[in-house]
Amino acid sequence: MHNEINYFDHALNKARSGGGTKVVFRANVIGFDGTVITSSSFPCVVGSLCCIETSEGHQTTGEVVRIHTDCVEIIPHFSKFPVRVGDAVILLQTRQEVEVGESLLGRVIDGLGQPLDSKDREDLVDSYSLEGTPINPFQRAPINNVLDVGIKSINALLTIGCGQRLGIMAGSGVGKSVLLSMITKNTAADVVVIGLIGERGREVASFTQEILKSKSRDKVVIVAVPADMSPLLRIQGAKRATSIAEYFRDQGKNVLLIMDSLTRVAHAQRELGLALGEQPTSRGYPPSVISLLPNIIERTGTSASANGSITSIYTVLAEGDDINSDPVVDTARAILDGHIVLKRELAQQGIYPAIDIVQSISRLMNDLVDEQHQKNAMRLRKLISKYQENKDLILMGGYVSGQDLDLDAALNSWDNITDFLRQSSTENFDVEVSTKLLSELIGYAK
């Protein structure tokens, strides 16, 4: 329990020095069902940060999730912590804050801000609310600038703007993590904040090591909360990553926030909701899940007062490759400004990134590119759609050339189209080059 002890010591020292965290109220544990700690009553709000201290001097942190007139319910951040009746409960923060600063760049931290990269903890003087600050939508700056992500199929056909919110939707094992790694290493964003929430520990370690060895390491902050951590800590990790992105946006920087994955955040909230007695609805998700997702996503985008922006990319796991009826996919698609669908069939054909151009869309693309670029992108979409619709007929030999001019063009240029869609993890195509390659491809396909 090294991390939680470090966190408690840091918070306590800050309180003693008058640094904003005040240990004011104490209570005692009166019950514990294995998930939720019941404490005697003390002044707090839902979301307050507490410390639970045993008679042997061991400490862990937890969060207030429900308040009654005579008791308070707390969920600990570390579920394996031994809790007994009579243990002390200490209020650390009424409103939780995230310590932020430039020294976070190049670092890997957990959901509580503790370093995971074997480096010393940085002293950060600024702090932001863990829950964020609402922004009046009418005061948000318009999205006018293109964000280069280094992926030619995205730059050319799904152009992203600085401040746009985008989802990457796919089943397991279709290449989401590889695509995110390529975007992180190739993007032109000033700062990249990555939230690795609920992923396998091995994948977290390999992804982190790959990014920190790249040229982008000095502009990357990684918040990692593996799948074996408590659901509350996984949600904390997602909110912490968003707060860090908000800090850099308010410094006037163009920030890219990558969350892998939004589905694991939803699963964590589902665990909490069911533990607190919420009634499950669609596929076992309680109502709190549907309210949590927009609360996290709407914190990103352009700022009302600064020139910076947060472009956010969320991966969404479609269980069984079902992107039509999964409630998390459906909710995310309705909130986001576009989505990229990865198709298993394309991955099996060796086309990486396996982006299904026909089902993917960027809702802001037409506002960001010129008219000729729009026409070229629509033409390529049409050719790909024609080929996919008639693929079975073509393979059976039932199509005769000359019956459909668009299908003829798609057949004649299909090898060039697949070459355009395919990109290795070491290649980088900026927006200008991607647009030029698209124009050349359309010229050949006529």
Side-chain angles (χ1 to χ4, degrees), residues 4 6-27 36-37 39-53 59-69 71-78 88-101 104 109-114 121 123-136 193 195 223 225 230-250 265 268-269 272 276 288 291-300 303-305 310:
E4 60 265 45
N6 279 349
Y7 183 83
F8 176 76
D9 289 343
H10 174 74
L12 190 57
N13 290 335
K14 191 173 180 182
R16 287 170 176 166
S17 63
T21 302
K22 298 182 179 180
V23 181
V24 184
F25 298 104
R26 279 180 173 266
V36 181
I37 297 172
S39 161
S40 55
S41 182
F42 60 93
C44 62
V45 298
V46 172
S48 293
L49 182 67
C50 302
C51 171
I52 298 90
E53 184 175 12
Q59 302 105 10
T60 189
T61 51
E63 184 176 312
V64 175
V65 294
R66 185 177 288 165
I67 301 173
H68 302 279
T69 55
C71 65
V72 172
E73 294 183 5
I74 303 167
I75 292 184
H77 290 139
F78 298 88
V89 177
I90 305 167
L91 178 64
L92 295 180
Q93 291 181 351
T94 302
R95 296 282 186 180
Q96 292 192 59
E97 295 184 341
V98 175
E99 294 180 322
V100 292
L104 284 173
I109 59 177
D110 67 7
L112 290 173
Q114 292 298 311
R121 182 188 177 98
D123 288 328
L124 304 170
V125 295
D126 293 324
S127 62
Y128 267 53
S129 170
L130 182 71
E131 301 295 335
T133 303
I135 298 177
N136 186 332
V193 180
V223 181
V225 188
S230 73
L232 190 59
L233 208 53
R234 279 175 262 154
I235 297 172
Q236 285 265 5
K239 292 180 178 179
R240 182 172 292 271
T242 307
S243 295
I244 294 171
E246 288 174 325
Y247 164 76
F248 285 108
R249 175 186 62 188
D250 292 345
V265 178
Q269 183 61 42
L272 289 181
L276 294 173
S288 60
S291 63
L292 174 67
L293 299 185
N295 286 341
I296 292 177
I297 294 172
E298 282 298 324
R299 292 170 59 180
T300 63
S303 173
S305 58
I310 302 176

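Residue numbers start at 1 and run along the sequence shown.
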Could you pull out the closest heavy-atom pair between [X] and [Y], with the gap in Å?
X: Ile74; Y: Val65; answer: N-CG2, 4.4 Å
X: Ile235; Y: Ala268; answer: CG1-CB, 3.8 Å
X: Val45; Y: Ser48; answer: O-OG, 2.9 Å
X: Gly62; Y: His77; answer: N-ND1, 3.8 Å
X: Gly111; Y: Arg240; answer: O-NE, 2.8 Å
X: Leu91; Y: Cys50; answer: CD1-SG, 4.3 Å

Using salt bridge (charged side-chain N to carboxylate O under 4.0 Å, His left out) as the criterion, list what pairs up with [X], not counting sequence neighbours.
X: Arg249; result: none
X: Arg66; result: Glu73
X: Glu63; result: none

Side chain to side chain, [X] and [Y], heavy atoms closer than 4.5 Å:
X: Leu292; Y: Lys239; result: yes
X: Ile52; Y: Phe78; result: no
X: Ile109; Y: Ile244; result: yes
X: Asp250; Y: Tyr128; result: yes
X: Val225; Y: Gln236; result: no
X: Leu124; Y: Val100; result: no

Which value, rounded to the nearest 0.5 Å, describes the distance between [X] atom [atom1] and [Y] atom [atom2]?
X: Glu97; Y: Asp126; atom1: CD; atom2: CG; value: 10.5 Å
X: Thr61; Y: Glu53; atom1: OG1; atom2: CD; value: 13.0 Å
X: Leu272; Y: Ser230; atom1: CG; atom2: OG; value: 8.0 Å
X: Ser39; Y: Phe25; atom1: OG; atom2: CZ; value: 13.0 Å
X: Cys44; Y: Arg95; atom1: SG; atom2: CZ; value: 11.0 Å
X: Leu233; Y: Ile75; atom1: CG; atom2: CD1; value: 12.0 Å

| Under the 3.5 angstrom rule, does the side chain of Ser243 hit a backbone N or O of Ser129 as a donor-acceptor pair? | yes
| request: For Gln96 and Gly47, indicate whether the former's side chain and the latter's backbone hold a donor-acceptor pair under 3.5 Å. | output: yes
